[in-house]
Structure formats: C-alpha cells, structure tokens
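Working notes for the structure below.
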Amino acid sequence: AGAIPDLTLRAHALDKLRTEGMTAEGAAAFAIVATPRSCRDVVRLCVALEVIYDYVDALAEQPACDVLANNRHLYCSLGAALAPSAPARDHYRYHPQRDDGGYLQELIATCNAALLRLPSHAVVLPHLQRVAARAGEAQSLHHAAAHGGEPALARWAASIRPVGSALHWWELAAAAGSPLGFYALVAAAAHPATNARDAAAVERAYFPWIAALSWLLESLVDQDDDRGSGEHSYISHYASPDEAARRLATIAERAGADAACLPRASRHLLLLAGMTAMYLSYAGAAGNEARDGANAVQRAIGGPLPLLLWTLRLRRRLAALRLRGRAAAGA
C-alpha cells in the first residue's frame, strides 16, 4: 500500500489498513472453523478479501462523475477475487484516480491463489460468487443512496427477499452488503467433505440474519459519522432508538439460532459473539442514540460476549495510549 504511486489512492489504502485492522483480524478468525491443514490459506484469503472490501469502500465514497457505474466497477473486484479463471478488468474505469501500482490486482491474485488451494473450492465457488454479486450491488447502491439513489436501493432490496423473511428493506440491504458470508463459505471450502448441501446451509445461515446484524451494528456505531459525512445510514430508517433496539434484539436472537444449526456450531456462535463485540467496542456504541440498541444486542447474544467486549475495549484503550505516546514523542 505504501508503494501506490497515486497519492490519493495511497492515502485511502494506508488509512484503511490503520483504522480497520480489527475487521481484518475478525475475518482471519474464521480460520477456527477450518481444518488445520488449510488454516493458513483461509487466513490469507479472508484477510486479503477484507482489505479489498475496506479499500474499495473508501474509494466508493469519493466523488465521481457517474457514481453508480464507478461503484459497480470497483465492487466487481470482490467477484474477481473469487473467480480464479476470470479475465482481468479495469476496476478504476470510472474513478478519477487509477494508478495503484498493481495494488488491487495483487490482492485479487492473492485471493485467487489461496482459494484454489482449498479442497472444496469448486463446491463452494457458486455460492461465493452469488454472495459477491449480491454484496457488490448492495454496496454500490448503498453509496449511491447518498446521491439520491435510495429508492433504487429499496426496490433492489425488496427483490432479493428470501421466502418467509420478515426483514425490512433496509435490513435486507444491510444483510446483502455484509462480507461475513464470504468468510464462512471460505472456511467451509477448507473441509474436504463439504458438499453442495453444506455450502447452501452456510449461505442460508449467514444471509440474511447473521449478515444483517453485522452491518446494522456497523451502522449503529457509525451513525454520527454518517450523519456528518452525508453517507446513507441503515440505522436511520428506524423511527426511534427504541424501535432500533427492539429490531436489533430480534435479529440477534435469530442470528444466534441460525448459527446454532450449523456444523461446528459452537465456533460459529463464538464468531458471532466476536463480531458483535468488535462493533460494540467502538466508542460510538456508547453514544446516546446507540446505547439502547447496543445493550439489547448484548443481552440477546450473551455467552462469551461480555468477556470479548471487555478485551476489545481494553485493546482499543491501549492502542489509543500508544498513539498518544508516539504523538508526544514526535512533538
């Protein structure tokens, strides 16, 4: 990232690596569901995919002449990372900056190589590519919503509603945009015995309920920042913080029930608690508008969440102290 020639692209890449490191660790944690033999490739693939996700997310928030076309080309990198035989394409076609020195393509190649080494990659690949297409469109429309595209996002979200789902359109859109399903499917590909039915069960468990919880929590703790930047906010569609808290608790309970139905359920439940703790450890979770929702989710998830939350809050405090120490030393 530090070698990216374009200064703007370099700044975005480095900023995401500095500020979103914990999300990459969360992606790597899915290796606990993998086999020891494939653990290294699962970590490599999940981390590289998360770095792509965060980097492209930053670029999609920047001004562009054709916002939606720019977003769609950028987010096609997710599908490219999970399509080893696909030809290379210009993901920066509609973006004002493009000279990344091969950074994005190298991340894509890292994902491709790691995926091909997983024993059940061929079985899981159709599910991964469906999740990638869904996530790319969700994120493209989400970022375009801040420029008047919210009706398009609502229509699209309604079109992907699973049979029997009781989620609101913005909850479905949030679920579609979350990357958690990628990582669970990658971990499933690490098992030689994984078959098409297993892969479908993983995809159904993570979409929509577990994925919805992750992106709604991200929106919950970021709502002040989103309001200041003018970005579209999923959590803002609730009529009140009290309604948001009730819905988040319901979604958290269903997410836990779905995780409990999967093979290696105890590890999926641990990942669910870890993901929840990661978001609730942000300072934004303690704000007036977020506090009720954060507390409701914490009660619904339970289990190891309190210990994980305490640990991550401590890590954030120590990191802040180190940064202040460096700043003081530099002064």
Whether Thr194 side chain and Ala188 backbone form a donor-acceptor pair below 3.5 Å: yes
Taking every non-hydrogen atom, the tightest pair across Ala34 and Val42: CB-CG2, 3.7 Å
His268-Tyr206 side chain donor-acceptor pair, cut-off 3.5 Å: yes
Residue pair His232 / His147, side-chain donor-acceptor N/O under 3.5 Å: no
Donor-acceptor pairs under 3.5 Å, side chain of residues 304-314 to any protein atom, not counting sequence neighbours: which ones?
unit_1, atom_1, unit_2, atom_2, d
Thr311, OG1, Leu307, O, 2.9

Trp209 versus Glu171, side-chain donor and acceptor atoms under 3.5 Å: no
Donor-acceptor side-chain pairing of Tyr234 and Glu218 below 3.5 angstrom: no
Path from Leu17 to Val43 over hydrophobic side-chain contacts below 4.5 Å: yes
Side-chain donor-acceptor pair present, His143, Asp57, cut-off under 3.5 Å: yes
Chi angles and distances behind the salt bridge (charged side-chain N to carboxylate O under 4.0 Å, His left out) call for Arg10, Asp6: CA-CA 6 Å; Arg10 186 197 307 169; Asp6 185 275; over 6 Å; no
Any donor-acceptor pair under 3.5 Å from Thr250 side chain to Arg246 backbone: yes
Distance-only donor-acceptor check, side chains Asp54 and Thr23, under 3.5 Å: yes
Gap separating the CD atom of Glu231 from the OG atom of Ser219, nearest 0.5 angstrom: 11.0 Å
CZ-NE2 distance between Arg204 and His127, expressed to the nearest 0.5 angstrom: 9.0 Å
Arg315, CZ: over 12 other non-hydrogen atoms inside 6.0 angstrom: no
Verify same cluster id: Met278, Leu248 (apolar side-chain graph, 4.5 Å): yes
Trace of the salt bridge (charged side-chain N to carboxylate O under 4.0 Å, His left out) decision for Glu289 with Arg227: CA-CA 12 Å; Glu289 292 180 288; Arg227 190 180 298 115; 2.9 Å; yes
From CZ (Arg247) to CG (Leu167), nearest 0.5 Å: 6.0 Å
side-chain contact (heavy atoms from CB on, under 4.5 Å) evaluation trace for Leu59 with Asn70: CA-CA 9 Å; Leu59 301 189; Asn70 178 55; 6.0 Å; no
Lys16 side, atom NZ; Tyr55 side, atom OH - distance, nearest 0.5 Å: 12.0 Å
Exam field: side chain Gln62 to backbone Ala58, donor-acceptor pair closer than 3.5 Å: yes
Geometric cation-pi criterion, Arg134 with Phe207: 6.0 Å, 45°: yes
